[in-house]
Amino acid sequence: MSDCIFCKIIAGEIPCNKAYEDELVLAFHDINPQAPVHVLIIPKLHVQQIDGTNSILAGHCFAVAEMLAVQLELSDGFRIVTNRGTHGGQTVEHLHFHLLGGRQLELTMG
Ligand code: AMP
């Protein structure tokens with residue numbers, strides 16, 4: 001999608017600090033990290049929500065997050081988050097998962 005910042009990162013029009021890439025997903029370090037490790041895992045397809053046609057992508061993103069957690073030495077644990085809509089605090093409308101770790105994260109959910 002031409003006006004989507006994540007699509008521009010995938011297209012190489014905006015640089016990123018890449019953590020992982022395969023044919024389905026790209027993972028890169030968040031520009032405004034909320035933890036010592038803060039990686040975004042995004043499908044290369046511009047997906048806005050998970051449904052029956054693309055749920056395999058979401059599963060793959062989780063598998064990549066688990067693999068990166070090992071690579072980035074998050075052996076004490078980590079959190080995977082996805083924000084949806086205004087109440088969820090979503091700012092980029094391209095499905096993405098935050099992988100956070102490297103410190104004790106807050107125990108609250110809200
Ligand atoms: P969300 O608020 O869940 O939509 O998350 C969007 C995330 O994208 C935020 O954590 C931003 O810091 C991050 N972000 C926005 N632009 C960039 C960029 N150019 N490179 C890396 N991360 C970005």
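As the structure lists them, so they are numbered: ligands from 1, and atoms in each ligand from 1. Heads up: numbering here begins at 1 and tracks the sequence.
A tilted orientation is assigned to the rings of His98 and His38, their planes being inclined by 30° to 60°.
Of the possible donor and acceptor atoms, one in the side chain of Thr82 sits under 3.5 Å from a partner among the backbone N and O of His96.
The residues lining ligand 1, counting any heavy atom closer than 4.0 Å, are Ile5, Phe6, Ile9, Phe28, His29, Asp30, Ile31, Asn32, Leu40, Asn83, Gly89, Gln90, Thr91, Val92, His96, His98.
In this structure the side chain of Arg79 never reaches within 4.5 angstrom of the side chain of Leu99, judged on heavy atoms.
Checked for salt-bridge contact, Lys44 and Glu21 meet the test: a charged N lies under 4.0 Å from a carboxylate O.
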Identify each donor-acceptor pair in which a side-chain atom of residues 63-75 lies under 3.5 Å from a protein atom, sequence neighbours left out, and give them as a table.
none

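The CD1 atom of Ile9 lies 6.0 Å from the SG atom of Cys16; values are rounded to the nearest 0.5 Å.
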